[in-house]
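Residue numbers start from 1 in every chain, and the chains themselves are labelled A, B, ... in the order their sequence lines are given, proteins ahead of strands. None of these values were measured; they are calculated from a predicted model.
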2 protein chains.
Amino acid sequence: MDISKQGSSDRLLLAAINLVSERGYNGVTTQEIAETAGLSEKTLFRHFGSKQKLLEAAFDRYHYAEEMRKIFAEKLVWELEEDLFTISRTYHEIMGRNRKLIQISIKDEGQMPGFKERMQQHPLQLLEFLTNYFNVMSEKGKLRLTDPKMQAFTFMMSQYGAFVNDLETGKNYPDIALKPFVEESVRLFARALTP
Amino acid sequence: MDISKQGSSDRLLLAAINLVSERGYNGVTTQEIAETAGLSEKTLFRHFGSKQKLLEAAFDRYHYAEEMRKIFAEKLVWELEEDLFTISRTYHEIMGRNRKLIQISIKDEGQMPGFKERMQQHPLQLLEFLTNYFNVMSEKGKLRLTDPKMQAFTFMMSQYGAFVNDLETGKNYPDIALKPFVEESVRLFARALTP
DNA sequence: CGTGTCTGTCAGTGGTTACTGACATTATAA
DNA sequence: TTATAATGTCAGTAACCACTGACAGACACG
């Protein structure tokens, strides 16, 4: 991220996201944010009025919406292993792009009311879609159904666990260690769920 | 947790853990901690010298060590599903007991250097043990081996994901929603890994 | 040129917070 | 009872921090 060209608001928002995702809301001063953005503290307050509103604006602007729906509408081919692979890759892509906001919502749930709920929408949606997908696949005779919601949940939790683990160990490019995991976990679940 | 009887130090440590795990290090004042413990702020500083040292003491005192080693030495019966079940239950037991400290280490990694590393020791140990277990089981012809470390990692990540998910949705008794997950996930992995 | 918009500087305000010293109080135990 | 240790009260310090007002310079556009 270069700091030079964009509008002042954007520079402030990005600086806020970067700093707060690392040190938490109370661990970062408005002075620091402005400085990182290459602007004066005064400008920060002129644009956003308060520290709180700055973070809310950052959240509104830089969070990515429901691409999962598209996956389930367009890209699935009704072959278990291939579809799980598509889903897993897309999941990590979306989570990866939102990772700093996710970190903020984990660290400062209390401070930023509503953040967490909005962040959890994607995974919840995915759980619902995946459950439906399992049901349909079962009807097609291509999946061994026991408790579809719990099966979907288990798959999601394995992906979520790997994502959070990666977040916390602090790597900037989750793909590196995530790739072999995605492959192995998809194979494993495909085997478990194939009739 | 009753506040009345224990020694002053203990009451301060527990109050600190409870508050900081919910609101983060910078979100809690020494005044609040002392008040919650039913003591004066002065007493807090007389006991621990500084806020930082108080948290370090809390961490030293209230974290639980390597019970996983015992599991692998004593309780396993070399039947895949049963053993996975034992492992999963023990894992959630240990994580559950440490949950507040884990929350602190997630929220304030920067603030409390060394916390995270020490917290991650248990899972790392478990990964190693589980990998070895898989190797032995494979030699016994009771497990279908592909990439043992990655298989173990996938199992762990599903358990870790469910744990963190539970942490964040704020339930105080993780067992409630965790139990059916543990059962279903163990069945699922047992099926995937059985030859 | 002149006008408006964006930005910076500076000096401040009011509130909070970790931490301290002096002294008084209470409880314990010999 | 008396000595000792643990705790409380109170007042205060020094630093930090979100946020403000007044003023000035820079730049674009007519």
message: Holding to side-chain hydrogen bond (donor to acceptor under 3.5 Å, both in side chains), I want the full list of residues that pass it with A/Asp10, two or more places apart in sequence or in another chain.
response: A/Arg61, A/Tyr62
query: Under 4.0 Å between a side-chain N or O of B/His47 and OP1 or OP2 of D/dT7?
result: yes
- prompt: What's the CZ-P distance between B/Arg11 and D/dA6, to the nearest Å?
  reply: 15 Å
message: Among residues at least two apart in sequence or on other chains, which ones pass side-chain hydrogen bond (donor to acceptor under 3.5 Å, both in side chains) with A/Arg144?
response: none
Separation of D/dT7 P from B/Glu35 CD (nearest whole Å): 17 Å
query: Tell me, for nucleotides 16-23 of chain C in 5' to 3' order, what letter each nucleotide earns: B for a base near a protein heavy atom under 4.0 Å, S for only sugar-phosphate near one, - for neither?
result: -SSBBB--
statement: In whole angstroms, the gap separating C1' of D/dA18 from CG of A/Leu12 amounts to 15 Å
- request: Round to a whole Å and report the spacing from CG of B/Asp10 to P of D/dA6.
  value: 15 Å
- request: To the nearest Å, give me how far apart CG (A/Leu44) and C1' (C/dT9) are.
  value: 16 Å
field: Pairing residues for B/Arg23 by the side chain to side chain contact (heavy atoms under 4.5 Å, CB included) criterion, not counting sequence neighbours
entry: B/Leu19, B/Val28, B/Glu32
message: Suppose we screen for side chain to side chain contact (heavy atoms under 4.5 Å, CB included). Which residues come up paired with A/Phe45, at least two apart in sequence or across chains?
response: A/Thr30, A/Glu41
field: Under-4.0 Å side-chain N/O to phosphate OP1/OP2 contact, A/Thr43 with C/dC6
entry: no
message: Looking at A/Lys142, I'd like to know if its NZ atom is crowded, meaning that more than 12 non-hydrogen atoms belonging to other residues, nucleotides or ligands lie closer than 6.0 Å.
response: yes
- request: Could you list the residues that satisfy side chain to side chain contact (heavy atoms under 4.5 Å, CB included) with A/Leu145, not counting sequence neighbours?
  value: A/Phe134, A/Asn135, A/Ser138, A/Leu143, A/Pro148, A/Gln151
